[in-house]
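To start, the structure under review is shown below, and the notes come after it.
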2 protein chains.
Amino acid sequence: MVSTEKNATPSAKAAAKPRGRPLAFNQDEALDAALNVFWSHGYEGTSMAELTEALGINKPSIYTAFGNKEELFRRALGRYVTGPAAFVAAVKKQTTARQVVESFLLQAVDFFTNKDTPNGCLIVQAALTCGQSSSAIQQELMAYRKHVEAGFAERFDQAKADGDLPQQADAKKLAKYIATIHQGMSVQASTGATREELLGVAEMALKSWPTNF
Amino acid sequence: MVSTEKNATPSAKAAAKPRGRPLAFNQDEALDAALNVFWSHGYEGTSMAELTEALGINKPSIYTAFGNKEELFRRALGRYVTGPAAFVAAVKKQTTARQVVESFLLQAVDFFTNKDTPNGCLIVQAALTCGQSSSAIQQELMAYRKHVEAGFAERFDQAKADGDLPQQADAKKLAKYIATIHQGMSVQASTGATREELLGVAEMALKSWPTNF
DNA sequence: TAATATTTGTACCGATTGGTAAATAAATAA
DNA sequence: TTATTTATTTACCAATCGGTACAAATATTA
């Protein structure tokens, strides 16, 4: 079920009036539905038949709107990164490295065990589903992971400059460490770990965090 | 290519002489080949076509020998657990909890990055590949993980009794912690992490291990 | 109204999925 | 040899995969 919605607001930059038959669904709602399916079953584990049912849209409409399955996944992934998983990029704004990683892991626990969304991380879930086709998707996901990890490493280098991490700290190593914890918690969550159990894991992982004091 | 091999040794308990046409392949070698494919691509990511090519055996022979794809996976999984992954159960024989977990993580690093085998852990790899069919396989893998984790928890309880873990230590929590590290390292390994990087992760993870001294 | 543009539903495409029927080949038992 | 048993080969099965041709439906423009 996708609600029909007309853009009834005549804004300043007038939206060009569409010529033909109007879309019977909302693109963003459809993408969110697709995201949920991919998030649950991975890329190759999701069939077009599942998608048509979840989106409430027939296949040809999906193809005219999004291109193909791979493009649909990319669009859904974009929604994921800027939506529910936006906290991953946002935590770097915390004032100290310690606060960054603590905020990251604790938010990840809540995120992974949120009752309203599939358990675990879409990117970890989809990255491991690899039938040697879809290698393009796989490499893209790997690149994204590397990007996130590099972002944390940069943040930790900044922390060393700020003086809230010891000079001898290895930023890349620390980044890979918390990425590994994150991915491990994702696997645990997608196979049934509870919020309390993951909080215990995060707490233990934080104990080994280097300090200047 | 699978070598033909007759059981030429007339042992005490005489092996019943087979009646019909002899098998043209060695079952254990075939299982090892199947294990390698499943290990690389997961359960659903592996097709029977890939298996026939990797084993060098036609499909009907695979089906008469092993039943079906699911049974073949189970058999391969058995070989995995008692073969290359046997160290997981064996490390519990170490004399202290600290030695158990240290030995476990360091061996896991070498195991995950062994050049002669696929990267990462078959069980993590296959557990996340889930197209809602094969839920039987998925639950079996989850049960196995739980079993391993429970085994570590038991070992840590023993360590508390032995006095090499503090009395206030939470055995289940510690077990889930190292299981999470293990799974995270597996994801990292299957997406390209090097031995040195994983050693860094393991080293950091060990820093938070509780001590009595 | 008629003409045009776009989306929809139905029905289908070739390729691949896991799995098998049936004939043939290779062994032992009589 | 002949009968029996088992394994192999070839060729095929229905179901599903991602993707699409085509015509009916619904909108704007003229």
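Each chain gets a letter, A, B and so on, in the order its sequence line appears, and its residues count up from 1.
For A/Lys69 and D/dG18, the shortest distance from a side-chain N or O to OP1 or OP2 is below 4.0 Å. The phosphate of D/dA7 (OP1 or OP2) has no side-chain N or O of B/Thr64 nearer than 4.0 angstrom. Regarding contacts with the backbone of D/dG19, a side-chain N or O of A/Tyr63 is found under 4.0 angstrom from either OP1 or OP2. Put simply, A/Ser61 has no side-chain N or O that comes within less than 4.0 Å of OP1 or OP2 on C/dT7.
Taking atom CD of A/Glu44 as the reference point, atom P of D/dT16 lies 18 Å away to the nearest angstrom. If you take CG of A/Leu55 and C1' of C/dT8, they are 15 Å apart, rounded to a whole angstrom. In this structure, CZ of A/Phe66 is placed 10 Å from P of C/dT8, rounded to the nearest angstrom. Rounded to whole angstrom, the span from the CG atom of B/Asn26 across to the P atom of D/dA7 amounts to 14 Å. Put simply, NZ on A/Lys59 is 19 Å from P on C/dT7, counting in whole angstrom units. Atom P of nucleotide D/dG18 and atom CG of A/Leu72 are separated by 11 Å, given to the nearest angstrom. Separating the CZ atom of B/Phe38 from the C1' atom of C/dG18 is a distance of 12 Å, rounded to the nearest angstrom. Between the P atom of C/dT17 and the CD1 atom of B/Ile62 lies a distance of 13 Å, rounded to the nearest Å.
Of the nucleotides present, D/dT1 is the one that pairs with C/dA30 by Watson-Crick or G-U wobble criteria, both distances under 3.5 Å.
Two residues are said to be in side-chain contact when any heavy atoms from C-beta on lie closer than 4.5 Å; A/Ile57 and A/Thr52 fail this criterion.
Distances were taken from every side-chain heavy atom of B/Asn58 (C-beta onward) to each of C/dG18, D/dT8, D/dT9; the shortest belongs to D/dT9.
Using a 4.0 Å cut-off between a side-chain N of Lys or Arg and a carboxylate O of Asp or Glu, B/Lys146 and B/Glu149 do not qualify as a salt bridge. With respect to the salt-bridge test (charged N to carboxylate O, under 4.0 angstrom), the residues A/Glu154 and A/Lys92 do not qualify. Looking at A/Arg75 and A/Glu71, no side-chain N of the basic residue comes within less than 4.0 Å of a carboxylate O on the acidic one, giving no salt bridge.
Among the atoms of the strands shown, only primed sugar atoms or phosphate atoms (P, OP1, OP2) are found under 4.0 Å from some heavy atom of A/Pro22.
With DNA chain C read from its 5' end, the first of the two nearest nucleotides for B/Met48 and B/Arg21 is the one closest to B/Met48. A residue-by-residue look at A/Pro60 and B/Arg19 shows that B/Arg19 has its nearest nucleotide of DNA chain D further toward the 5' end.
Between the side chains of B/Thr46 and B/Glu50, no donor-acceptor pair of N or O atoms lies under 3.5 Å.
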